[in-house]
Every structure is written in C-alpha cells, then in structure tokens.
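See structure below.
Residue numbers start from 1 in every chain, and the chains themselves are labelled A, B, ... in the order their sequence lines are given, proteins ahead of strands. As the structure is a prediction and not an experimental result, all values here were calculated from the model.
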2 protein chains.
Amino acid sequence: MAINNNKISIKDVAKLAGVSITTVSRVINNSKHPVSSKTRVEVQKAIKELNFQPNRLAQGLINNKSSIIGVIVHDISDTYFSEMVKGIEEVTFENDYIINIYNTDRDIHKELQAVNMLKANQAEAIVFTGGHLIDDFYDQQIRGYIKQLKQQGCYIISVNPYPYDIRDIDIGNKLATRTITEYLFNKGHENIAYVTGPAISHTTWERFSGYKDALKNKGLIFREEYVISGDFTFEGGRKAALELLNRISDITAVVTANDATALGLMWELKHNGVNIPEDVSVVGIGNIPETKYAYPPLTTIALPLFELGKKIGNCLMSKLLNNKVILEDIDVKIGLIERKSVKNLL
Amino acid sequence: MAINNNKISIKDVAKLAGVSITTVSRVINNSKHPVSSKTRVEVQKAIKELNFQPNRLAQGLINNKSSIIGVIVHDISDTYFSEMVKGIEEVTFENDYIINIYNTDRDIHKELQAVNMLKANQAEAIVFTGGHLIDDFYDQQIRGYIKQLKQQGCYIISVNPYPYDIRDIDIGNKLATRTITEYLFNKGHENIAYVTGPAISHTTWERFSGYKDALKNKGLIFREEYVISGDFTFEGGRKAALELLNRISDITAVVTANDATALGLMWELKHNGVNIPEDVSVVGIGNIPETKYAYPPLTTIALPLFELGKKIGNCLMSKLLNNKVILEDIDVKIGLIERKSVKNLL
DNA sequence: TTGTACGCGTTATCAA
DNA sequence: TTGATAACGCGTACAA
C-alpha cells in the first residue's frame with residue numbers, strides 16, 4: 001500500500017519490505033555495500049509488487065545529473081537534421097539519457113532561449129546540430145551562455161562551424177563544395193553558378209568558400225552574377241531556379257548549398273521546360289534519402305548524417321559516462337555520389 | 001562569489017543580496033507574499049549579477065512537476081511525424097516545457113522501454129504520435145504502464161487509434177482512405193489495388209478498412225489479389241510496385257496507405273516504364289510536403305500534421321497549466337488534394 | 001515585511 | 001549487515 005496515494009516512492013518499498021530506505025537504495029543501485037541475500041530478495045519482491053522506479057528527478061538532484069541532452073536543430077522536417085537526431089537518439093537511449101529537442105528555424109531568439117532553458121534544466125550536454133548563426137547580438141549572448149554552461153559542467157558539441165571554445169565537429173563543408181565543384185570541372189564544366197544558403201548561417205559561408213576555392217585553384221575567375229541566394233529549403237531552390245532562368249544561356253552547371261535547394265531548383269527548372277542534365281547540370285550537398293529518387297537522381301556529396309549522429313552519441317556517452325573525451329573518433333568521411341544530374345561535356 | 005564553485009544556487013543569491021533564501025524565492029516566483037521594493041531590487045540585482053536561474057530539477061521535485069513531455073514517434077525522418085513534432089514543440093516551448101523524443105521504428109520493445117523511461121522521469125504528459133501497435137505482449141505491458149502513468153498524474157494523448165482509456169485523437173484514417181477511394185470511383189475507376197502499411201500498426205488496418213468500406217458501399221467486390229503489402233516507407237512502395245507490375249493489366253488505380261508508399265511506388269513504376277497517370281493512377285494519404293513536387297504531383301488526402309501538432313500542444317498546455325481538458329478543440333479536418341496522379345476515365 | 005524550519009525523493013556518510 | 005541522518009536546491013507554512 002502506498003503511503004502517498006498516487007506516487008510510489010522508496011519509502012513505500014521500504015515499508016513493504018520491512019527495511020530502511022537506505023537498504024532499498026542499496027539494492028536499487030547495486031551498491032557495493034553488503035546486503036544479505038535474504039533482504040535483497042525481499043526488497044526486490046516489494047519493488048516488483050509496487051512497480052517501483054526511482055524518481056529520476058530526485059536522483060538527478062542529489063547526483064547532480066539531469067540525464068538531459070539538449071539537441072538544437074534548425075529544422076526537424078529537413079532530413080538532414082532528423083537523420084542526425086535519429087542517430088543521436090539511438091545511442092543515448094541505450095544509456096537512459098533524455099533527448100530534448102528544440103526546433104529553432106534559425107531564429108536567434110529562439111535559439112538563445114532554448115539554450116537558456118537547457119541551462120535552467122541542468123542539461124548535461126548540448127548538441128548544436130546546425131552550426132553557428134551570424135549575428136552580433138546572438139554571438140555575444142551565446143558566448144555568455146556557453147561560459148556559464150561549461151561552468152555548470154555541461155558538455156557542448158557542435159556540428160558544422162561553431163567558432164567558440166567547444167568541441168566542434170568539422171563535417172567538411174568546405175571540402176564538400178570544393179569536391180563537387182572540381183567534379184564538375186572534370187566533366188568539362190567551367191561556367192558554374194552557385195545557390196547559397198541563408199546569410200545568417202555560418203554553414204552557408206563555409207560551403208560557399210569551398211566553391212570559390214575550387215574556382216581559384218582552377219584559375220577561373222569568380223563571378224558575382226553567378227551567385228543566387230537560397231535558404232536551404234526546397235522553396236528557396238524553386239525561387240533560385242526562376243532567377244537562374246535568365247542566365248541559363250551562359251551557365252552549364254549549378255552547385256547548390258544543400259540537397260533541398262537542389263531538389264527545388266530541379267523541380268522548378270523542369271516545370272519551366274529546362275531539362276536536367278541536358279540543358280543544365282545540378283549538384284547538391286548532403287545525400288539525403290530523397291536525392292536518390294529525384295528526377296533525375298541527384299549527383300551529390302554524401303554526408304553520413306545518421307552515422308554522424310551515432311558518433312556524436314558515442315562521443316557524448318563517453319564523456320558523460322566515463323568523463324573521457326573522444327577526439328579522434330569523429331571523422332566524417334564525405335563521399336561523392338555520382339548519379340544522373342550531371343552531363344559530361346567532354 | 002559562489003558558495004559552490006561551479007553552480008549558482010539560490011543560496012548564493014541570498015548571500016549576495018543579504019537576505020534569506022525565502023525572500024529570494026519570493027521574488028523569483030512573483031509570490032503574493034509582500035516583499036519591499038527595496039529588497040526586491042536588491043535581489044534582482046544579485047540574480048542578474050550571478051546569472052542565477054532556479055534549478056528546475058529541484059523545483060520539479062518539490063512541485064511535483066518535471067516539465068517533461070514525452071513524444072513517441074515511429075520514424076522522425078518521416079515528415080508525417082516531424083511536422084507534428086514541430087507543431088507540438090512550437091507551443092510547448094512557449095510554456096517552458098521540455099519535449100523528450102523517442103524514435104521507436106515501431107519496435108515494441110523500444111516503445112515499451114521509452115514509456116518506462118518516461119515514467120521514471122516523471123513525465124507530465126506523453127503523446128503517442130504513431131498509433132497503436134498490434135501485439136499481445138505489447139498490449140498487456142502498455143496497459144500496465146498506462147495505468148501506472150495515470151496514477152502518477154501523467155496525461156496521455158494518442159493520435160490515430162489507441163484502444164486504451166486515454167485521450168485519443170481520431171485523425172480520420174478510415175475516412176481518408178474511403179474518401180480517396182470514392183474520388184477514384186468518381187473518376188471512373190473500379191479496379192483499384194491497395195498497398196497496405198506494416199501489419200503491426202493499427203493505423204494500417206484502419207486505413208485499409210476505409211478502402212474496403214468504399215468498395216462495399218459502391219457494391220464492388222473486394223479482391224484479395226488486389227492487396228499488396230507495404231510498410232509505410234518509400235522503399236516499401238518500391239517493392240510494392242514490383243509486385244504490381246504483373247497485375248497492371250487489370251488495375252486502373254492504386255490507393256496507398258500513406259504518401260511515402262505512393263512516392264516509392266510511383267518512382268519504381270516510372271523506372272519500369274509505366275506512366276502515371278496514363279497507365280495507372282496513384283493516390284496517397286497525408287499530403288506531406290514532398291508530394292507536391294513529385295512527378296507527377298500526387299493526388300492525396302491532406303492530414304494537417306503541423307496544425308494537429310499545435311492543437312495537441314494547446315491541448316497539453318491547457319491540461320497541464322490549467323487542468324482543463326479540451327475535447328472539442330481537436331477536430332482534424334482532412335481534405336482532398338487534387339493534383340496530377342489520377343487519370344479521368346470518364 | 002522578513003526569516004526559520006521542514007519536506008520533496010533520493011544517495012552518501014557515518015554509526016551501530 | 002543494517003539504519004539514522006544530512007544533503008542536493010528549492011517552495012511554503014508558520015513564526016517573528
């Protein structure tokens with residue numbers, strides 16, 4: 001019979017088993033402190049009968065562990081993020097951690113408030129899956145938070161560039177765009193347009209610079225008029241396509257900042273009568289599942305999102321469980337996925 | 001100066017402000033208990049200086065509120081779920097609640113364990129976004145959990161059929177498939193195949209029965225050989241397409257259990273030289289974003305996922321914040337989205 | 001208007 | 001081998 005009429009606590013178990021709460025605590029936690037097998041059995045019986053589970057809030061309070069891992073994503077509907085989240089969840093789940101998701105839409109205030117909540121909730125770790133946001137106010141605020149968070153013992157990991165003193169995983173943004181641009185060179189393309197991401201995202205600029213680097217290395221001049229702005233979304237890709245229509249005569253290929261953009265671009269282009277890759281070649285970054293089944297299937301750079309998520313999870317657990325920081329383990333291998341959206345000009 | 005060298009507690013604030021922790025607590029919680037404006041200012045100054053935030057674990061322990069809302073999804077990479085999650089998060093975030101996600105892949109053990117963790121973590125509410133799983137063991141276990149959870153004061157909401165004594169939102173599965181099937185009748189189709197979802201999901205059978213009902217009402221006989229099994233995924237749709245190829249001569253249209261299936265089906269069909277809708281018509285359920293840009297754009301039933309998510313969020317907040325159960329508010333309006341994947345036979 | 005003391009459910013320290 | 005008791009950080013009845 002429960003003392004409290006709704007929640008079963010350690011007291012109820014102790015009472016039922018006829019022992020002290022200390023003893024109950026010992027069997028719960030498999031303590032090294034000896035407990036006679038007879039009492040142990042007695043306690044276990046009581047636990048089973050009452051369906052008792054220790055209140056993790058209380059455990060967290062005394063152990064200074066919340067079991068909360070904050071995961072900040074820019075857009076959970078973008079497979080880029082959901083695949084990563086899936087990977088993280090898969091491993092943290094095994095270790096009884098709580099994944100606390102925040103969907104920020106790259107809004108600096110929401111992102112900031114999310115971090116603030118995570119701080120109040122004593123998050124043991126935070127993962128910034130979407131990279132840094134470029135904004136002075138954000139920058140200043142986030143620095144303060146990170147300092148306080150670290151002081152609290154919170155472990156912070158970021159994917160994509162995050163220019164603070166935290167564990168930052170280089171997902172190879174720059175390399176990705178450079179690689180795919182060079183691939184286009186090898187297929188004989190030289191007049192290559194680029195569709196960017198949103199200006200507020202640091203990732204946007206990293207990827208953009210990879211494209212420019214490739215141009216430079218090849219001795220080609222960078223043309224401002226070949227740059228069209230996007231926002232990492234399918235809709236953004238469509239809009240970019242409309243702008244591209246005017247310049248289609250000069251351009252033979254277009255590199256997009258991410259797959260969603262490429263998909264939207266191709267869709268709108270097609271609906272305007274331009275054929276891919278016959279009239280213009282298109283490539284993306286990410287290799288999200290949809291790219292495989294696009295029309296035509298998209299040539300892109302594979303970013304192993306799900307695996308990355310798992311690696312982040314492992315990295316988190318290693319730190320949180322054993323206080324060991326894994327550094328070498330996270331090495332993101334990007335790869336070129338050659339499909340049907342590029343025409344060979346040679 | 002902090003007493004504890006890493007975490008700032010209410011004690012630190014009290015000390016700095018030269019008052020008792022009670023007073024600090026009062027200003028934090030905007031208590032009705034009077035506090036002189038002078039001390040209030042003093043305390044606020046100290047709070048600001050120390051960047052103090054109350055530890056929500058401790059608050060939760062004493063208030064018996066964890067601020068945790070568990071959200072169980074079958075596949076976070078399926079837009080069907082991520083859109084809903086986005087909606088839920090948007091409203092719960094405003095009220096300082098924590099969204100705790102579990103991705104179960106419809107695995108009964110994972111689903112069960114997720115519920116178990118949520119129980120230990122004193123979740124204030126749980127949302128089953130993916131509907132009931134059909135399995136005797138699962139069924140028996142989940143009933144026990146639900147009972148205990150309710151005893152703990154946990155509020156439970158389910159989307160799609162959930163045959164337990166909890167708040168269940170009828171998303172109109174049966175109506176959806178019936179409606180779309182009748183739409184096909186109106187376009188002159190009578191030999192209509194059906195691609196199911198995974199057998200373990202209750203949703204699968206609800207949707208299936210809508211198709212059968214439509215047939216019955218129309219006076220058409222149900223043919224077992226027109227049924228192909230799928231699993232709610234793109235890949236499952238592709239496999240179904242392969243099976244469909246043999247029977248394509250008799251069939252003029254196919255209803256699929258969800259959009260992902262329809263998309264996969266169309267893709268594979270196309271790659272096997274069958275044109276949609278010229279050779280066969282295809283329809284889906286869900287109206288996930290991708291359907292709009294498929295080739296051809298998919299005719300489907302709109303399930304307002306994001307809005308549903310927000311409604312669930314509001315429902316949750318109403319109950320958790322004011323202990324009011326909103327019943328009428330959640331009324332999911334499905335709608336036929338007519339696009340290009342159906343041929344008019346009349 | 002302010003502060004003391006207790007309790008939330010748990011674990012750790014110490015004594016028995 | 002077992003059990004009081006303090007402590008984690010906070011809110012609140014009660015006292016002052």
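Across the protein-nucleic acid pair, B:Arg40 atom CZ and C:dT2 atom P stand 9 Å apart, rounded to whole Å.
The shortest distance between the side-chain N/O atoms of A:Thr23 and the OP1/OP2 oxygens of D:dT1 is not below 4.0 Å. OP1 or OP2 of C:dT2 lies within a sub-4.0 Å distance of a side-chain N or O belonging to B:Ser36. Using a 4.0 Å cut-off, no side-chain N or O of B:Ser31 falls inside it from OP1 or OP2 of D:dT12.
Remark: B:Glu111 engages B:Ile72, B:His74, B:Thr104, B:Phe128, B:Leu133, B:Tyr138, B:Tyr162 in a side-chain contact (heavy atoms from CB on, under 4.5 Å) (not counting sequence neighbours). For A:Tyr102, the ring-ring contact (aromatic ring centres under 6.0 Å, His included) partners are B:Phe93, not counting sequence neighbours. Under the side-chain contact (heavy atoms from CB on, under 4.5 Å) criterion, A:Asp96 pairs with A:Arg56, B:Gln113, B:Met117, sequence neighbours left out. Every residue two or more places apart in sequence or in another chain that forms a side-chain hydrogen bond (donor to acceptor under 3.5 Å, both in side chains) with B:Arg143 is listed here: B:Asp139.
For B:His33 against C:dT2, a side-chain N or O and a base N or O form a donor-acceptor pair under 3.5 Å.
The terminal axes of the helix from C:dT1-D:dA16 to C:dA16-D:dT1, fitted over 5 pairs per end, subtend an angle of 50° to the nearest 10°.
Side-chain atoms of A:Asp78 come within 3.5 Å of backbone N or O of A:Tyr80 as a donor-acceptor pair. A donor-acceptor contact shorter than 3.5 Å is absent between the side chain of A:Asn100 and the backbone of B:Ile98.
Between B:Lys310 and B:Glu307, no side-chain nitrogen of the basic residue sits less than 4.0 Å from a carboxylate oxygen of the acidic one, so the salt-bridge criterion is not met. The pair B:Asp12-B:Lys7 does not count as a salt bridge, with every side-chain nitrogen at least 4.0 angstrom from each carboxylate oxygen.
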List, with names and distances, any nitrogen or oxygen atoms from the protein found under 3.5 Å away from nitrogen or oxygen atoms belonging to nucleotides 10-12 of chain C.
residue, atom, partner, partner atom, Å
C:dT10, OP1, A:Asn55, N, 2.7
C:dT10, OP2, A:Ile10, N, 2.5
C:dT11, OP1, A:Asn29, OD1, 3.0
C:dT11, OP1, A:Asn29, ND2, 2.9
C:dT11, OP1, A:Gln59, NE2, 2.8
C:dT11, OP2, A:Ser25, OG, 2.8
C:dT11, OP2, A:Asn29, ND2, 3.4

